[in-house]
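Working notes, beginning with the structure itself.
Computation of the quantities below employed the complete heavy-atom set of this structure, encompassing side-chain atoms and omitting hydrogens, waters and symmetry-equivalent molecules. Position 1 is the first residue of the sequence; numbering continues from there.
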Amino acid sequence: MNAPSLYFHPDYLDAVRAGRKTTTVRFRDPVEVGPVSLVFELDEEVVLPGVVTRLTGTTVDGLTEADARADGFRDLAELHDRLRHHYPDIEPADHITIVHFRPVA
């Protein structure tokens, strides 16, 4: 059976490969702990084997500077900007999931 896919914007490929991005914030996108295919939607799709190690629930307002850095961003403001880009109707009180993951060899 194939591992479920976790899709990423192609901008995040280098940060995931380098280990600078170890989480991703998801809104209305169910994810489970376990093996996963990390899929980057480029002209030629790039798929890395990975594993989701932990899920943490919070709200957009509950995100911290540490969450932003783990997600590969400079600061919380940049993370909030990207969330609004990916999820235009997201609100501060909306529940989100922080997905902790890592690529595996």
Side-chain angles (χ1 to χ4, degrees):
M1 184 173 138
N2 290 342
S5 296
L6 187 59
Y7 289 91
F8 290 86
H9 190 280
D11 288 355
Y12 304 131
L13 177 58
D14 290 341
V16 168
R17 279 188 168 148
R20 289 188 314 271
K21 181 175 178 63
T22 58
T23 65
T24 181
V25 174
R26 298 300 163 115
F27 177 55
R28 297 182 183 147
D29 184 7
V31 178
E32 294 183 12
V33 171
V36 67
S37 294
L38 308 173
V39 180
F40 298 84
E41 301 174 283
L42 297 150
D43 291 338
E44 291 286 321
E45 196 172 74
V46 174
V47 180
L48 305 175
V51 61
V52 172
T53 57
R54 185 164 53 107
L55 302 172
T56 307
T58 188
T59 61
V60 176
D61 269 353
L63 289 166
T64 66
E65 291 288 339
D67 294 330
R69 285 190 296 279
D71 209 329
F73 297 103
R74 287 186 304 272
D75 56 30
L76 191 55
E78 186 182 19
L79 173 55
H80 282 157
D81 285 346
R82 291 307 288 181
L83 285 174
R84 282 190 297 274
H85 172 78
H86 293 306
Y87 307 108
D89 34 337
I90 200 165
E91 298 289 336
D94 283 334
H95 287 274
I96 52 169
T97 302
I98 301 171
V99 179
H100 301 258
F101 69 91
R102 62 181 167 78
V104 294

Could you state the interatomic distance from [atom1] ([X]) to [atom2] ([Y]), rounded to the nearest 0.5 Å?
X    : Y    : atom1 : atom2 : result
F101 : T22  : CZ    : OG1   : 6.5 Å
L63  : T23  : CG    : OG1   : 9.0 Å
D81  : L76  : CG    : CG    : 10.0 Å
T56  : H100 : OG1   : NE2   : 3.0 Å
I96  : T59  : CD1   : OG1   : 6.5 Å

### Message
Within the 4.5 Å heavy-atom criterion, are V99 and L55 side-chain neighbours or not?
### Response
yes
### Nearest heavy atoms of P35 and V51, plus distance in Å
N-CG2, 4.1 Å
#### Entry: Which residues share a side chain to side chain contact (heavy atoms under 4.5 Å, CB included) with R28, sequence neighbours left out
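R28: side chain to side chain contact (heavy atoms under 4.5 Å, CB included) contacts with D89.
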Let me check something: do [X] and [Y] share a hydrophobic cluster, defined by ILVMFWY side-chain heavy atoms less than 4.5 Å apart, either directly or through other members?
X   : Y   : result
F8  : L42 : yes
V60 : Y87 : yes
L6  : V47 : no
V36 : F27 : yes
L38 : V33 : yes

Considering only residues two or more places apart or on different chains, which pairs with a residue in [range] satisfy salt bridge (charged side-chain N to carboxylate O under 4.0 Å, His left out)?
range          : answer
residues 2-19  : D11-R82
residues 46-73 : K21-D71
residues 29-50 : R26-D29

### Message
Run the side-chain contact (heavy atoms from CB on, under 4.5 Å) test on V25 and L83 for me, step by step, so that the C-alpha distance in whole Å, both residues' side-chain angles and the decisive distance to 0.1 Å come before the verdict.
### Response
CA-CA 8 Å; V25 174; L83 285 174; 3.7 Å; yes
### Partner set under salt bridge (Lys or Arg N to Asp or Glu O under 4.0 Å) for R20, not counting sequence neighbours
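R20: no salt bridge (Lys or Arg N to Asp or Glu O under 4.0 Å) contacts found.
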### Message
If the condition is side-chain hydrogen bond (donor to acceptor under 3.5 Å, both in side chains), which residues does H86 pass it with, not counting sequence neighbours?
### Response
Y12
### Query
Around atom NE2 of H95, are there more than 12 heavy atoms of other residues, nucleotides or ligands at under 6.0 Å?
no
